[in-house]
Each structure stands twice: as C-alpha cells, then as structure tokens.
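Here the structure comes first, spelled out in structure tokens, and everything after it is commentary.
All figures in this text were calculated on a predicted structure; none of them were measured in a lab. We're numbering straight along the sequence, starting at 1. These values consider heavy atoms only, across backbone and side chains, with no hydrogens, waters or symmetry-generated copies.
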Amino acid sequence: MIIRPLAGPGELDLFNTLHYQLNDQIAADLEAGRRRPEWLWLALRDDRVVARAAWWSRPGDEQPLLMDVFDIADEEAGVELLRAALPAIAPDGATPPEYLRYLPPGWRDDPEIRGANDLRMAALERTGAKLFVERLRLEWRPGTPIPGPGTRLTFRPVADADELIGLMTQVLDGSLDAYSRAELTRMTAREAAEEQFKTELDRYASPHDWWRVAVARDGEPAGFVIPAHNGYNPIIAYLGVLPAFRGRGLIDDVLAEGTRVLAGEGVPRIRASTDVGNVPMAAAFARAGYVTFENQIDMTWG
C-alpha cells in the first residue's frame with residue numbers, strides 16, 4: 001500500500017474517488033488557501049484509493065485547524081494512513097487537529113451510514129482519538145417567519161472589541177457548550193473569550209456592524225448576537241444571554257435579532273450549530289424556525 005500526500009491539484013479527481021459531500025468544495029478551498037496539497041493524503045492499493053484524509057484551515061494559517069475528510073474502504077487502511085499522515089500534519093509530538101464529520105439526521109437508524117461511521121471512528125480511536133461531542137447543524141430558510149422586535153430588549157451595534165470580549169467572558173459562566181467548558185479547564189474565562197475573538201470572530205470578513213448587543217430596559221447589556229459569514233454561508237456565529245438575565249426567555253429575542261440582521265441582507269439561508277446536549281439552545285433555535293439538516297461528530301486527540 002502506498003501512502004502519500006497529493007502531488008498537486010491535478011490529482012483531485014483521484015482524491016475524490018471516494019464520495020463525501022465536501023468533495024465539491026475542495027478545489028475552491030485550495031484556491032482560497034483553506035487547504036494545501038500536502039494536507040490531502042491518500043492510501044493507494046493497486047492504484048485504487050482505499051483511504052483518504054484532508055485537513056482544513058482558515059486562509060493564511062500556517063497549520064491546519066481541523067481534519068474534516070476521512071473516508072476508508074477498510075479499517076486497517078485508515079489506521080495506516082493516519083499513522084503516516086498525523087506526524088507530518090502535527091510534527092514534534094504536537095496534538096493533531098480535531099476531527100469532524102457531517103452525518104444526516106437520524107444517522108443511527110440507517111445501518112449502512114452507522115456502520116461506515118463506526119468503522120471510521122474505530123480507526124481514529126486506534127490512533128488515540130476520542131469522541132468529544134455531537135452537534136446539531138441548523139438552518140433557517142427564507143419564508144420562515146421571524147418574530148418582530150419585542151418590548152423587553154432593544155439592540156445596538158457592538159461598541160468595540162473590548163465590550164464584546166467582556167460580554168463573552170460573562171456568558172461563559174454556566175455555559176453548556178462542550179468546547180467552552182473544556183477551555184475553562186485550561187484558561188480563565190477572559191482568556192477564553194479573547195482567544196475566540198482573536199482566532200474566530202475578528203477574522204470573519206463580513207461586516208462587524210452586524211454584531212448586536214441586547215440592552216434591557218434599565219440600559220444594562222443583557223446579551224449579544226454575532227451574525228456573520230464564514231466564507232461558505234451566513235451564520236449565527238455566537239449568541240448568549242448574561243447570567244443575571246437568564247431564565248426569562250430572552251434568548252428568543254436575541255436570536256430573532258440576529259436572524260433579522262442576516263435575513264435583511266437577502267441571504268439564501270442562515271446556518272448555526274449547537275451541542276446535542278445543549279438542550280436549551282437547541283430548543284431556542286427550534287422555536288425560531290431553524291431545522292436540523294445534519295448532525296456533526298467531533299473527535300479529539302489528547
């Protein structure tokens with residue numbers, strides 16, 4: 001079996017021999033700098049692709065952020081590919097980037113889809129990966145009603161980065177998000193908020209004047225919402241209600257405002273995601289008319 005990275009974009013047809021929904025994006029990602037040929041790996045047996053993996057980054061990053069393609073014809077081929085590729089992707093003993101996989105809703109009820117996912121996860125686990133969280137991928141579609149502005153909150157643009165980081169710091173208190181909870185075991189809430197702002201929110205090319213602070217009747221900030229565009233789709237990148245204002249259903253008003261901002265731009269869809277275990281947030285999206293169009297499995301090393 002031959003295991004190697006792609007020689008160049010001319011081998012994309014070979015790489016895409018195995019089917020996955022991201023195949024159609026890979027060429028554009030290479031052109032935009034979100035992928036590199038050396039981050040796309042193949043395992044070949046008798047000139048046939050029996051395993052493949054691909055890593056992704058934000059444009060300009062020197063290291064990949066995540067592994068989002070992993071397809072295998074058999075478990076052993078997948079394990080051998082990972083054991084060859086991971087040291088090159090994460091050299092000097094660094095922790096490999098996390099892995100994610102998109103799956104249809106109800107995927108556990110389909111024996112073929114579940115079996116293929118179990119096979120991939122078994123190969124990943126043999127290289128040290130573990131299931132971290134399962135998430136819901138959500139979508140709002142034009143024509144879905146959006147509640148009008150209520151009377152409990154008003155909205156204004158975010159004043160500056162320091163204001164938003166301060167609000168993000170506060171909403172981390174009591175967060176049900178698995179990534180946030182993990183970050184709080186390694187750093188302070190302020191450090192986690194600063195890191196997310198720097199590495200994610202501030203890098204969206206969409207207008208920052210879409211970002212909104214929710215203001216209560218007494219003039220105090222009660223929450224915020226970050227509508228954005230991630231290079232693929234309009235998204236609700238982040239939203240939250242401050243601890244002192246929770247338990248009043250204000251998340252519905254905050255989400256509706258973010259949805260209105262993006263819908264006002266004439267977008268074809270709005271996407272968002274939340275943990276399966278974050279039941280209150282999932283329920284808020286459902287009340288707002290967002291539908292679950294996919295599930296997402298996240299696995300991590302270390």
Handout entry: Steps toward side-chain contact (heavy atoms from CB on, under 4.5 Å) verdict (I72, V50)
Key = CA-CA 6 Å; I72 60 178; V50 291; over 6 Å; no
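- Few gaps surround CG on D218; more than 12 heavy atoms of other groups in view lie less than 6.0 Å from it.
- With salt bridges taken as basic N to acidic carboxylate O contacts below 4.0 Å, one links E194 and R190.
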Handout entry: Stepwise side-chain contact (heavy atoms from CB on, under 4.5 Å) check, V291 with L138
Key = CA-CA 5 Å; V291 298; L138 306 157; over 6 Å; no
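- By the 4.0 Å N-to-carboxylate-O rule, E80 lies too far from R126 to be salt-bridged with it.
- Between the side chain of N233 and the backbone N or O of I235, no donor-acceptor pair lies under 3.5 Å.
- Inter-residue side-chain proximity for M1 and L44 is flagged as unmet; no heavy-atom pair is nearer than 4.5 Å.
- To the nearest 0.5 Å, atom CG of residue L201 and atom CD of residue Q196 are 5.0 Å apart.
- Between the side chains of E294 and Q21, at least one donor N or O lies within less than 3.5 Å of an accepting N or O.
- For the pair D252 and R287, the tightest heavy-atom approach, listed with the atom from each and the gap, is OD1-NH2, 2.8 Å.
- Contact detail for V213 and P157: the closest heavy-atom pair is CG2-O, 4.4 Å.
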Practice task
Apply the test side-chain contact (heavy atoms from CB on, under 4.5 Å) to residues I226 and E200: give CA-CA distance (whole Å), side-chain angles for both, the deciding distance (0.1 Å), then the verdict.
Solution key: CA-CA 11 Å; I226 308 299; E200 179 188 353; over 6 Å; no
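- Taking a cutoff of 4.0 Å between a charged side-chain nitrogen and a carboxylate oxygen, K130 and E98 do not qualify as a salt bridge.
- Remark: the Q296 side chain and the D298 side chain contain an N/O donor-acceptor pair separated by less than 3.5 Å.
- Judged by distance alone, with hydrogens and angles left aside, the side-chain atoms of E220 form no donor-acceptor pair with the main-chain N or O of A216 at under 3.5 Å.
- Both cation-pi conditions hold for R52 and F15: the charged atom is under 6.0 angstrom from the six-membered ring centre and inside a 45 degree cone around its axis.
- Atom CD of residue E139 and atom OG of residue S273 lie 12.5 Å apart, to the nearest 0.5 angstrom.
- W107 and F132 are assigned to two separate hydrophobic clusters, defined by single-linkage of ILVMFWY side chains at heavy-atom distances under 4.5 Å.
- Cluster annotation: L119 is not connected to V79 through the hydrophobic network of ILVMFWY side chains, with a link wherever side-chain heavy atoms come within less than 4.5 Å.
- Salt-bridge formation is not detected for the pair R114/E112: no Lys NZ or Arg NE/NH1/NH2 atom is positioned less than 4.0 Å from an Asp or Glu carboxylate oxygen.
- For the pair L81 and A43, the tightest heavy-atom approach, listed with the atom from each and the gap, is CD1-N, 3.5 Å.
- Between the side chains of Q63 and W39, no donor-acceptor pair is found at a separation under 3.5 Å.
- W210 contributes atom CH2, which lies 12.0 Å from atom OH of Y204 (distance to the nearest 0.5 angstrom).
- Within the 4.5 Å cutoff, no side-chain heavy atoms of L239 are placed close to those of F224.
- For the pair V261/R212, a side-chain contact is recorded, criterion being any heavy-atom separation below 4.5 Å from C-beta on.
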Exercise for the section: Assess whether salt bridge (charged side-chain N to carboxylate O under 4.0 Å, His left out) is satisfied between R36 and E62, documenting all intermediate values. Expected result: CA-CA 10 Å; R36 301 179 184 180; E62 290 301 313; 3.6 Å; yes
Practice task
Begin with the C-alpha distance, continue with both residues' side-chain angles, and end with the deciding distance and a verdict on salt bridge (charged side-chain N to carboxylate O under 4.0 Å, His left out) for D61 and R203.
Solution key: CA-CA 11 Å; D61 286 355; R203 297 183 65 177; 2.9 Å; yes
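- No more than 12 heavy atoms of other residues, nucleotides or ligands shown are found within 6.0 angstrom of CG on D47.
- Formation of a donor-acceptor pair under 3.5 Å by the R181 side chain with backbone atoms of L176 is not found in this model.
- Sorted by first and then second residue, the side-chain hydrogen bond (donor to acceptor under 3.5 Å, both in side chains) pairs with a member in residues 274-285 read R135-D275; sequence neighbours excluded.
- Contact check for Y99 versus T300: no side-chain heavy atoms found under the 4.5 Å cut-off.
- Taking the six-membered ring wherever Trp is involved, the centroid distance between the rings of F70 and Y20 does not fall below 6.0 Å.
- Contact of the P64 side chain with the W56 side chain is not registered, since no non-hydrogen atoms from C-beta on lie closer than 4.5 Å.
- For D68 and R35, the salt-bridge test passes: some basic side-chain N is under 4.0 Å from an acidic carboxylate O.
- Within a 6.0 Å sphere centred on CZ of R4, heavy atoms belonging to other residues, nucleotides or ligands number more than 12.
- Counting only heavy atoms from C-beta outward, the side chains of E75 and D118 never approach each other to under 4.5 Å.
- A continuous path of Ile, Leu, Val, Met, Phe, Trp and Tyr side chains, each step under 4.5 Å between heavy atoms, connects V254 with M168, placing both in one hydrophobic cluster.
- The backbone N or O of E76 lies less than 3.5 Å from a partner atom in the side chain of D74, making a donor-acceptor pair.
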Side-chain donor-acceptor pairs under 3.5 Å in residues 241-249, sequence neighbours left out?
residue	atom	partner	partner atom	Å
R246	NE	V241	O	2.9
R246	NH1	D173	O	2.6
R246	NH2	V171	O	2.9
R246	NH2	D173	O	3.3
R246	NH2	V241	O	3.2
R248	NH2	A244	O	3.1

Exercise for the section: Let me see the working for Y102 and I297 under side-chain contact (heavy atoms from CB on, under 4.5 Å), right down to the final yes or no. Expected result: CA-CA 7 Å; Y102 300 141; I297 295 290; over 6 Å; no
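- A73 and R48 make their closest contact through CB-NH1, 4.4 Å (heavy atoms, listed as atom of the first residue, atom of the second, distance).
- T127 and W301 are linked by a side-chain donor-acceptor pair at a separation below 3.5 angstrom, with hydrogens and angles left out of the test.
- Closest non-hydrogen pair, I270 versus V267, comes out as CG1-CG2, 3.8 Å.
- Closest approach of L167 to G223, counting heavy atoms only: CD1-O, 4.4 Å.
- Using modelled atom types, one finds no donor on one side chain facing an acceptor on the other under 3.5 Å when comparing R101 with N117.
- Between N295 and L136 there is a side-chain heavy-atom pair separated by less than 4.5 Å.
- With Y232 as the aromatic partner, R34 meets the cation-pi criteria of under 6.0 angstrom to the ring centre and within 45 degrees of the ring axis.
- For the atom pair S57 OG and L66 CG, the distance stands at 8.5 Å (nearest 0.5 Å).
- Rounding to the nearest 0.5 Å places CD of E183 at 11.0 Å from CD of E191.
- Checked by atom type, the side-chain pair T259/Y290 shows a donor-acceptor distance below 3.5 Å.
- Here the side chain of T144 pairs no donor or acceptor atom with the backbone of W140 at under 3.5 angstrom.
- Distance check, rounded to the nearest 0.5 Å: CG of D209 to CZ of R156 gives 14.0 Å.
- Distance alone, capped at 3.5 Å, is enough to place a donor-acceptor pair between the R260 side chain and the P147 backbone.
- For the pair P227 and P234, the minimum side-chain heavy-atom distance is 4.5 Å or more.
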